[in-house]
Amino acid sequence: MTFTGAEIIIKLLELQGIEIISGIPGGSNLPLYDALHKSSIRHVLARHEQGATFIAQGMARSTGKPAICFATSGPGATNVVTALADAKLDSIPIIIITGQVSSTLIGTNAFQEIDIISMTKSITKFSFQVSSADELLSIIPEAFVIATSGRPGPVLIDVPKDVQQQKCIVDIWPKNRFNCTKNVSPITTESIAAIAAAIAEAKRPILYIGGGVMQSRKMEHIRILSSKNRIPIVSTLMGHGGISVDDPLYLGMQGMHGSMATNNIMNECDLLLAFGVRFGDRATGQVSHFCSNARIVHINIDPSETGKIIKPDLFVNGDASEVLRSLCVKVNENERKSWINRIAEIKKMYPEYRPHNNGYVHPCNLLDEIGRAAAPDAIITTDVGQHQMWVAQYYPFSGSGLFLTSGGLGTMGFGLPAAIGAALANPERQVICFSGDGSLLMNIQELATLAELQLNVKIVLFNNNQLGLVRQQQDLFYKSNLIASRFMSDLDFVTIARGFGIKGINLSGISGWGEAIMEVLMQDGPAFINIPIHPELQVLPMVPPGAANYEMIGKK
Ligand SMILES: Cc1ncc(C[n+]2csc(CCOP(=O)(O)OP(=O)(O)O)c2C)c(N)n1
């Protein structure tokens, strides 16, 4: 039978099991949209291509499966770039299909022509320029394989308009659905034995987990290993949210805004079992002082991570969850009494920083309240700033929910569209987006998408009328020379949300907010809560720039 290039793309996406696509149409991808018109795949019309790409990210991050986004050529394509870079840094499997001007016009500065392949080479796992309709039969399945195999990541496919319209005979459709295991080296019994031996020798081991472990969604092995051999677990920002904060062996998040006790505990460990982490600078602090007393075993699916920042004593290339599964049976039970006692001592020396409500509501207390009122398996998204770090520090994650945040690129504007994507892919779950007033404004147009879809997304705005994290840095490290960090206008966000068609409430004063929050969370559909936050609050403790993690500043 004869199909157009556009019909081939849609058919192949159907064969891969795609049910929802986010995007925005334009002149160069209208044939693709026309083919989508005849498909059962649902299209979600975002209001900005960055929003559309973060919606795809929200679907991919919350399911672990690849998600698709469509954009037109030129400005449509350039609008996806930030969210694409964000997906690359956090290893998120999304596939962006951009329309391109017709092949004969490429290179002529045609209307809405941009060389998106050159622009995105360094921020994708691979970018395909399609030159004929029949190539799509191999490129589309290959894009799924690339996006999901080994270390996941984004792929871009640029399809000229004439290729979308070109006819091609297809007798047999390719069968392969995405296969997440390709390119992963098998884990040898020697590697497992070497790690097990290191654990047996160690007196003060730590299981250090990052985004690579969270992505596997198999947290049970880490819990089993931890409880069997009594090895405390510490996470990076990207590894946080999968273990209950009530687990006595979970020491929470380390790094720049991690717990002071945890950073000091890591400094005393003699074996760091680093699973699915990339030793980012926010996590390590001054590298030469990062776990300098420990043997480092690094397990990562991406061989290029070997020794990139920290030289490991042993590097194992493989899927973190597979290694954990094998280790669970290899290690012996252990009490580790003296290490556990030492950890308790350090925790006493550096008790958790818990400010009181001092005439205003402190976010840490709000987060506790919201967390207790929310569903245990709620999906939490954040934007970027102080609110993001407060959520990481104080939201009482139960271990059955998910924490979706922009870790590597730290992109303001992530939270709302990512929450929409997570809610689309998980309609039965509650989704809460914590945002700051600066970040929310960067993709606020997606409130229109949310209102249209009536998804179960609650937006909690920590409103300090400023770029809080910037102000904090200016206060701490630039002699309080405040420039470009305070907003002069005071926006009425609840009225704005209502204008988009979303119910909202203002929380003010320091009493009665518990019930108000509960009421909003219990409602069906989207809702917005505006919470005034004192502008001088700081996220503490904090590792100052250039310092070691154990040199944190902030009240004990
Ligand atoms: C797109 C983008 N631009 C700039 C920054 C730098 N930046 C980091 S945090 C921050 C302030 C965020 O303000 P807000 O969203 O209001 O959150 P708050 O810190 O007040 O909680 C800025 C400007 C960024 N991370 N992303």
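Whatever order the structure lists ligands and atoms in, that order sets their numbers, starting from 1.
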Aromatic ring pairing H298/F279, orientation class (parallel under 30°, perpendicular over 60°, tilted between): perpendicular

E519, CD atom: more than 12 neighbouring heavy atoms under 6.0 Å: no

Aromatic plane relationship, F528 with F493 - under 30° parallel, 30 to 60° tilted, over 60° perpendicular: parallel

Residue pair Y353, Q393: steps toward the side chain to side chain donor-acceptor pair (under 3.5 Å) verdict: CA-CA 10 Å; Y353 176 61; Q393 290 177 332; over 6 Å; no

Audit row: T53, Q50, side chain to side chain donor-acceptor pair (under 3.5 Å) steps and yes/no: CA-CA 5 Å; T53 313; Q50 186 185 112; over 6 Å; no

Note: R151-E305 ion pair, threshold 4.0 Å (strictly below): yes

Residue contacts for ligand 1, heavy atom to ligand atom, distance under 4.0 Å: V384, G385, Q386, H387, G410, M412, G436, D437, G438, S439, M442, N464, Q466, L467, G468, L469, V470

